[in-house]
Amino acid sequence: MSIVRRDIVGKQIFLSALWVFIVFTHAEPVYPETLPTKGEDDLFTMIPTGLIKSFQPVLDAYHKGDLDHAILETKQLAGKKALAETATSLLGDFYFRRWEAAGSGEGMELKDAQNALEMVLRKYPGTENADLALLKRGNLYLGKKQYVEASGSFTRVVARYPQTPYAASGQVGLLQSFRGLRRWDEVVRSYPLLAALNPSLANQQKAVFLYADALFELGRFEESYARYQFADALIPGSRIKGGDPELYFHYGEAAYRSGHPDPAKAIFQKVYKKFPDDPTATLAIALTSNIVRTKGDVGAAQELTDRIYLMESTFPETKVAKIIAATGRLASLNCPNPCESETVRQSIKHIEAESKSVFLDRPFTTTAQAAVLDGLMEMRRHISFDRAESLYGEMIPLLPALSPYLPFAESYLHQTVLEHFDSLEDPQKVVTLYHRFRKAFPPSKMDGEVGFKLAKSHMELGLLSDAIEYFRPIAVNVKYPKSEEAFYNMGTLLVQMGRYPEAQNVLEGFLARYPKRTDALLPLGNLYNLQGKVDLAINAYQKWLGYYPKHADRKSVYPKLAGDYRLKKKIDNEIKIYLQWIGETKQESERPYIGLADAYYEKKLYGSAIQYYQRALKVEKNKKELDWAKLRVGASYLALGRKNDAEKIFQEVAEQAKTPIIKKTAGDRDADLKAEKERLQGVARATPTKKDIDFRQAKAQEERRGVGTSPAQE
């Protein structure tokens, strides 16, 4: 965004804020444009010229440094009506200055200052003195770290009368409030608004430092360092107003993080020399040790590191400093990874222990985040994947949403997870790791080796539906060498899942893309069979048999193909298949004689059927198959008219069969044959022979001639 455009947007934001303020504070008048303005720092210009004489004792006491006497004199004047507003305003200022002189604490000075300022706001609303009181009240809130309340006071100062010098100080106060709330984006957004408020050089410097610090917290280190440099040069010879060591340390760290080690070292040295008792001093020492170590001065680095190790971890900054020192020491070791040494073990112990402690500190500062992340990255070379993943898993949820290190932490975690993933062979562990860290597996990783391993692992664990979905992006990535295998596996798994129409589309598509992969004809034939598409199944099986004359799976294809021909009532084709199958089978016991015999039986070629049933009876071990073969032999004999042979077989099956239905069927047929035989015998007895007929005819003739016969003759 250009500077002009940024100014326009800034003014629009400011006017919107002003309108909101007016709406919600309509009871208080807004200053007229003609109101004279007075300097922010020359506070005694608030005394009207005509009242200088009355306030001279006050001024004299103040100029002598006797603030208590000045306050006493001012209280006496506050009781006079004509002097009350000025005196009350001066009291608020004096108490505020006394609070500042006391170190901005929580004692009686704070209560006196609060009461005095509230008195001004209550008695003289809508005056310039009230605005000055608001500004000071905002600073009181800043001192108490009540940043929300501070921002409210500063917003009113800026909005009520933007042309006063107080507005610029109020805007700086807002930046400080947002910084206290760690709302770095608000600091960056609000900083340009200061330009329209005609700030003093001191306010400009303070604002630029705050802006640079917000850029630092957002991870924009190069920009931050440039702004720090600019702020440091605004007032030559000056330092951060109030001597804020954290701001100045961040100045050095911005230089360090953006690749300017020499300026960073100089700034850090000033920090720990100027603020030796401040917690940031230990951080400055730790980062200085890293700088001198990388420049080869191991002795100086070790001396600084030892100083840090000897400190007690009273402050979070000391813990962070120990992490930085241990990380630097670990990084400087020249040994293979992982490296077995006491120095490595101690360094890892320091990093891990202090990191877990720092996780619990609030706020989890940007400097701390960087130190922990650097430490984990360096540790990762020497510790297990599980430990590294656990530490990353603890840290990431604690990072602020705007942390500049959040994407880096997630990236390093994902990198660690992927390295761990590559090292695993156990499908269960592969799948578990994936589902624990799914964000480590973006779509860009899922159409290659990672996705293939994951899909295969799910397939081996029987998680077929998931495996299909993980194979899918690989199947369409024709540049990946295993795309063909993934495509094929997807089709066969869909068959196993019973998703037949989808499986058919996939396998047909697979053959269209890879016409030389004729092995796919077999699962495709099975798929056609499962859907009742017999003609398509026959075609697929026949092609497959033609392509693979010696394949071990032929013996599983033959019965399917023979069965399909039976369904289509193509018995001649079925017989050919069985003969081909028998011709390829070397073991007599494995030859499908019963199937061939059944085909001949269906064809009514009973002699051939009997021949192969009898051959089956010699080699078949399955009792049920034996019972069936014998029953069919009997039926074949019967069909050929060999009833005695049939009766013999049926009787044997009825007595010996293990299969109840076959046993009953044979018994019924045996009974039928016996009944028919008895019937035929009865008919034979009832029919006279030729001798009987001749005898009866002779006897009848004798009776007609009247010739008798003797009993003996009869």
Distance check, rounded to the nearest 0.5 Å: [X] atom [atom1] versus [Y] atom [atom2]?
X	Y	atom1	atom2	result
Met497	Ser465	CE	OG	4.5 Å
Tyr593	Glu588	OH	CD	3.0 Å
Ile383	Leu391	CD1	CG	5.5 Å
Glu620	Lys623	CD	NZ	11.0 Å
Ser357	Ile323	OG	CD1	8.0 Å

Compare every heavy atom of [Y] with every heavy atom of [X], then report the nearest pair and how far apart it is.
X	Y	value
Val495	Tyr500	O-CE2, 3.5 Å
Pro400	Leu406	O-CD2, 4.1 Å
Val417	Leu433	O-CD2, 3.6 Å
Asp374	Thr327	O-CG2, 3.7 Å
Ala467	Ala455	CB-O, 3.5 Å
Phe650	Ala635	CZ-N, 3.6 Å

Does the distance from a Lys or Arg side-chain N to an Asp or Glu carboxylate O, for [X] and [Y], drop under 4.0 Å?
X	Y	result
Arg472	Glu502	yes
Asp572	Lys603	yes
Lys664	Asp668	yes
Asp598	Arg632	yes
Glu389	Arg436	yes

Is the side chain of [X] donor-acceptor paired with the backbone N or O of [Y] at a distance under 3.5 Å, no angle test?
X	Y	answer
Thr432	Gln428	yes
Arg329	Thr343	no
Asn529	Ala537	no

Only pairs under 3.5 Å count here: list side-chain donor-acceptor contacts from residues 478-488, not counting sequence neighbours, and write none if there are none.
residue: Tyr480; atom: OH; partner: Glu449; partner atom: OE1; Å: 2.5
residue: Lys482; atom: NZ; partner: Glu449; partner atom: OE2; Å: 3.2
residue: Ser483; atom: OG; partner: Ile474; partner atom: O; Å: 3.0
residue: Ser483; atom: OG; partner: Ala475; partner atom: O; Å: 3.0
residue: Ser483; atom: OG; partner: Asn477; partner atom: O; Å: 3.3
residue: Glu484; atom: OE2; partner: Arg517; partner atom: NH1; Å: 2.8

Are the side chains of [X] and [Y] in touch, meaning some heavy atoms are under 4.5 Å apart?
X	Y	answer
Thr585	Ile582	no
Glu574	Glu602	no
Leu461	Asp466	no
Met377	Gln415	no
Arg387	Ser390	no
Ile577	Gln542	yes
Glu419	Thr416	no
His420	Asp386	yes

Partners meeting side chain to side chain donor-acceptor pair (under 3.5 Å) with [X] (sequence neighbours left out):
X	answer
Arg220	Glu223
Lys453	none
Lys663	none

According to the side-chain hydrogen bond (donor to acceptor under 3.5 Å, both in side chains) rule, which pairs have a member within residues 393-402, sequence neighbours left out?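 Every candidate side-chain hydrogen bond (donor to acceptor under 3.5 Å, both in side chains) pair involving residues 393-402 fails, so no pair, neighbours aside, qualifies.
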Only pairs at least two apart or in different chains count here, so list each ring pair (Phe, Tyr, Trp, His ring centres under 6.0 Å) that has a residue in residues 433-452.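 Counting only pairs at least two positions apart or across chains, the ring pair (Phe, Tyr, Trp, His ring centres under 6.0 Å) contacts touching residues 433-452 are Phe421-Phe441, Tyr434-Phe441, Tyr434-Tyr470, His435-His458, Phe452-Phe471.
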Pairs meeting criterion ring pair (Phe, Tyr, Trp, His ring centres under 6.0 Å) with involvement of residues 623-646, two or more places apart: none
Candidate pair Asn489 and Lys456, rule side-chain contact (heavy atoms from CB on, under 4.5 Å), full reasoning: CA-CA 9 Å; Asn489 286 342; Lys456 287 276 285 188; 4.2 Å; yes
Derivation and outcome, side-chain contact (heavy atoms from CB on, under 4.5 Å), residues Lys570 and Ile538: CA-CA 11 Å; Lys570 295 181 178 181; Ile538 289 172; 5.6 Å; no
Contacts of type side-chain contact (heavy atoms from CB on, under 4.5 Å), residue [X], not counting sequence neighbours:
X	answer
Glu342	Arg345, Gln346
His414	Glu410, Lys439, Ala440
Asp535	Lys568
Ser332	Arg293

More than 12 heavy atoms of other groups within 6.0 Å of Lys648 NZ: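 12 or below, so no.
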Answer yes or no: are there more than 12 heavy-atom neighbours, outside Lys674 itself, under 6.0 Å from its atom NZ?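 Result for NZ/Lys674: enclosed.
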Check: Tyr601 ring centroid to Tyr606 ring centroid under 6.0 Å: yes
Between Ile575 and Ile571, does the side-chain contact (heavy atoms from CB on, under 4.5 Å) criterion hold? Intermediate values first, please. CA-CA 6 Å; Ile575 290 171; Ile571 307 302; 4.1 Å; yes
Do Tyr528 and Gln504 meet the criterion of a side-chain donor-acceptor pair at a distance under 3.5 Å?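 Distance-only check fails for Tyr528 and Gln504.
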Would you please say whether a donor-acceptor pair under 3.5 Å links the side chains of Glu584 and Tyr558? yes
Only pairs under 3.5 Å count here: list side-chain donor-acceptor contacts from residues 544-552, not counting sequence neighbours, and write none if there are none.
residue: Tyr548; atom: OH; partner: Thr518; partner atom: OG1; Å: 2.8
residue: Tyr548; atom: OH; partner: Asp519; partner atom: N; Å: 2.9
residue: His551; atom: ND1; partner: Asp553; partner atom: N; Å: 2.9

When you look at Leu617 and Lys630, which way does the side-chain contact (heavy atoms from CB on, under 4.5 Å) test go after all the steps? CA-CA 8 Å; Leu617 290 172; Lys630 288 179 181 179; 3.7 Å; yes
